[in-house]
Chemist: 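Dropping the structure in here first, questions after.
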Protein chains: 2
Amino acid sequence: MVVQKVASHMPTDIPDIVIGRLPIYLRALTQLLNAGRTVTSSRELGEYLGISSAQIRKDLSHFGGFGKQGTGYDVAVLRDKLQQILHVDRQWPMAIVGAGDLGRALAHYRGFESRGFRVAAVFDNDERKVGQSLADTELVIEPMRRFKEVVQANGIEIAMLAVPAEHAQSVTDQLVDACIRAILNYAPINIIVPSNVYVQYIDPVIELQHMTFYLGHQPK
Amino acid sequence: MVVQKVASHMPTDIPDIVIGRLPIYLRALTQLLNAGRTVTSSRELGEYLGISSAQIRKDLSHFGGFGKQGTGYDVAVLRDKLQQILHVDRQWPMAIVGAGDLGRALAHYRGFESRGFRVAAVFDNDERKVGQSLADTELVIEPMRRFKEVVQANGIEIAMLAVPAEHAQSVTDQLVDACIRAILNYAPINIIVPSNVYVQYIDPVIELQHMTFYLGHQPK
DNA sequence: GTAAATTAGTGATAAAAGCCACAAATTATC
DNA sequence: GATAATTTGTGGCTTTTATCACTAATTTAC
């Protein structure tokens with residue numbers, strides 16, 4: 001019932017910038033829970049995250065009232081609500097495309113399972129890599145020609161793109177063709193997708209350059 | 001002279017959100033340059049990046065007029081300007097802290113050099129890892145007790161943090177103690193630093209959860 | 001049991017960010 | 001060489017985002 005209520009809120013009328021903060025809140029709540037905390041407040045959460053308490057309250061209020069005046073928020077309850085809102089109260093199977101250093105590091109990453117995701121398949125077109133199994137996993141590197149088939153068989157809708165920049169667009173086209181709906185792009189390049197496909201970018205150099213602007217002019 | 005002009009613009013009066021877009025522009029310009037283009041326009045750049053042309057023009061106008069009416073922007077000139085503004089017209093030596101799968105993948109990443117960065121040292125506290133050299137690099141894994149010394153000897157001001165979440169804060173304290181001024185944090189946890197230290201976060205799960213909000217409710 | 005303290009949720013306000021549209025400069029066309 | 005077409009840089013406006021500050025509910029202190 002509560003799930004229905006949450007589910008009834010359509011994405012359209014909630015600012016994307018608000019949505020972008022929800023995973024941050026969720027991560028902090030999980031941390032609090034692991035530390036044994038049972039209640040928290042917008043003030044505490046805000047001080048910890050460097051966000052104003054009013055903003056946290058207003059963000060959450062888009063989805064209903066989860067707190068209690070005078071007390072604050074039940075950490076476990078709020079975490080559950082956020083997991084429902086973000087649809088990570090289940091595990092999303094994902095494909096990794098590109099089995100270089102980065103793709104392999106992602107395949108071995110132990111942090112997905114507890115947060116709503118699971119690496120279901122790894123792809124690469126290098127014939128020397130195809131067929132290799134990845135240590136400590138049940139994964140075997142598949143060739144890209146099997147992509148569509150494996151994606152459909154496993155109900156995969158999310159792909160992490162970890163191929164060199166020069167192949168990123170053509171591989172993206174293959175992902176789109178296989179009905180991938182969300183792409184986490186690690187290639188340092190903009191990719192073009194249809195408007196119904198979501199893309200997020202991770203490029204460490206972008207973040208580093210953002211900081212070097214402020215680091216100033218005198219190199220050591 | 002032009003460098004002086006750019007340098008004279010102090011960060012304080014330019015919105016951070018503008019600064020955050022400059023690396024994106026720089027990346028796109030480098031791509032255009034590699035494709036042999038010599039001139040571009042705010043319209044072309046905007047269509048490619050999914051950003052309005054007016055925004056690009058206004059962002060750039062914070063730093064001076066780099067374009068030419070009727071023509072647009074000289075790609076090489078604008079790229080050079082952005083490199084100066086972002087202070088990546090040099091190479092920043094960086095430390096990687098944590099030599100797990102991720103730290104090693106970062107150490108092997110070939111994409112830093114051309115964009116203003118260089119991995120100068122890798123650290124880990126696991127005695128089994130210390131002393132190991134990293135294939136295809138001149139890097140040897142150093143113990144954390146040598147951190148301050150190596151950082152000072154190499155003029156390192158930037159660290160990439162790739163340790164497990166449970167150690168992230170205590171390691172951060174060591175970074176701060178060694179006068180690290182910018183941290184790219186890969187640990188899925190908020191870290192507390194003094195206000196003169198810059199932090200950027202990379203957590204793939206945050207980006208994935210942002211997308212699953214929109215992916216909706218019916219898992220395959 | 002009462003008063004003081006705490007905290008959520010929210011309408012109103014303030015601040016920030018983004019976009020429009022135009023003048024001025026340049027280039028292309030014929 | 002005149003006219004049409006481009007494109008920048010920007011003032012002003014609109015939209016979005018964030019904060020303020022208040023009410024109502026609850027808890028704590030004594």
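Bear in mind the structure is a predicted one, so any value in this text is a computation, not a measurement. Residue numbers start from 1 in every chain, and the chains themselves are labelled A, B, ... in the order their sequence lines are given, proteins ahead of strands. Atom set for the values below is all heavy atoms of this structure, side chains included, hydrogens, waters and symmetry mates excluded.
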Chemist: Can you work out whether A:Gly70 or B:Asp59 has the more 5'-proximal nearest nucleotide on DNA chain C?
Modeler: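 Between the two, 5'-proximity favours A:Gly70.
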
Chemist: Once the angle between the rings of A:Phe117 and A:Phe112 is folded into 0 to 90°, is it parallel (under 30°), tilted (30 to 60°) or perpendicular (over 60°)?
Modeler: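 Ring orientation of A:Phe117 relative to A:Phe112: perpendicular.
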
Chemist: To the nearest 0.5 Å, how far apart are CG in B:Leu26 and CD1 in B:Ile85?
Modeler: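 So the CG of B:Leu26 and the CD1 of B:Ile85 are separated by 10.0 Å.
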
Chemist: Is any N or O donor-acceptor pair between the side chain of B:Lys58 and the base of D:dG11 shorter than 3.5 Å?
Modeler: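 A donor-acceptor contact between them is present.
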
Chemist: Can you pull out how bent the helix from C:dG1-D:dC30 to C:dC30-D:dG1 is, comparing the axes over its first five and last five pairs, to 10°?
Modeler: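 Axis angle across the helix from C:dG1-D:dC30 to C:dC30-D:dG1, nearest 10°: 30°.
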
Chemist: Under 3.5 Å, is there a donor-acceptor pair between the side chain of B:Arg181 and the main chain of A:Leu215?
Modeler: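 Flag set: sc B:Arg181 to bb A:Leu215 pair under 3.5 Å.
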
Chemist: Whole angstroms only, please: what is the OH-C1' distance between A:Tyr73 and D:dT27?
Modeler: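 Distance check: A:Tyr73 OH to D:dT27 C1' gives 17 Å.
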
Chemist: Shoot me the first and last contacting nucleotide of DNA chain C against chain B, ordered 5' to 3', at under 4.0 angstrom to non-hydrogen atoms.
Modeler: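 So the outermost contacting nucleotides come out as C:dA17 to C:dT27.
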
Chemist: Just how far, in rounded Å, is P of D:dT17 from CG of B:Asp16?
Modeler: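 In whole Å, D:dT17 P and B:Asp16 CG are 16 Å from each other.
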
Chemist: Please verify the inter-ring angle class for A:Phe147 with A:Phe123; under 30° counts as parallel, over 60° as perpendicular, anything in between as tilted.
Modeler: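 Aromatic pair A:Phe147/A:Phe123 classed perpendicular.
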
Chemist: A:Ser53 near the nucleic acid: base, sugar-phosphate alone, or nothing, with a heavy-atom cut-off under 4.0 Å?
Modeler: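 A:Ser53: no heavy atom of the nucleic acid under 4.0 Å.
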
Chemist: Please identify each residue that fulfils side-chain contact (heavy atoms from CB on, under 4.5 Å) with A:Gln169, with sequence neighbours left out.
Modeler: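 Partners of A:Gln169 under the side-chain contact (heavy atoms from CB on, under 4.5 Å) test: A:Thr172, A:Asp173, A:Ile191, A:Ile192.
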
Chemist: For B:Ile56 and D:dT7, what is the distance between atoms CD1 and C1' respectively, to the nearest whole Å?
Modeler: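 The answer, rounded to whole Å, is 13 Å.
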
Chemist: Return the CG to CG distance between A:Asn34 and A:Leu29, rounded to the nearest 0.5 Å.
Modeler: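 If we round to the nearest 0.5 Å, A:Asn34:CG and A:Leu29:CG are 11.0 Å apart.
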
Chemist: If you measure from CG on A:Leu22 to CD on B:Gln209, what distance do you get to the nearest 0.5 Å?
Modeler: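 Answer rounded to 0.5 Å: 9.5 Å.
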
Chemist: Could you please name the option among D:dT27, D:dT7, D:dG9 that lies closest to any side-chain atom of B:Ser61?
Modeler: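 The nucleotide sitting nearest to the side chain is D:dG9.
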
Chemist: How long is the line joining CD of A:Gln69 and C1' of D:dA25, in whole Å?
Modeler: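 Atom CD in A:Gln69 sits about 4 Å away from atom C1' in D:dA25.
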
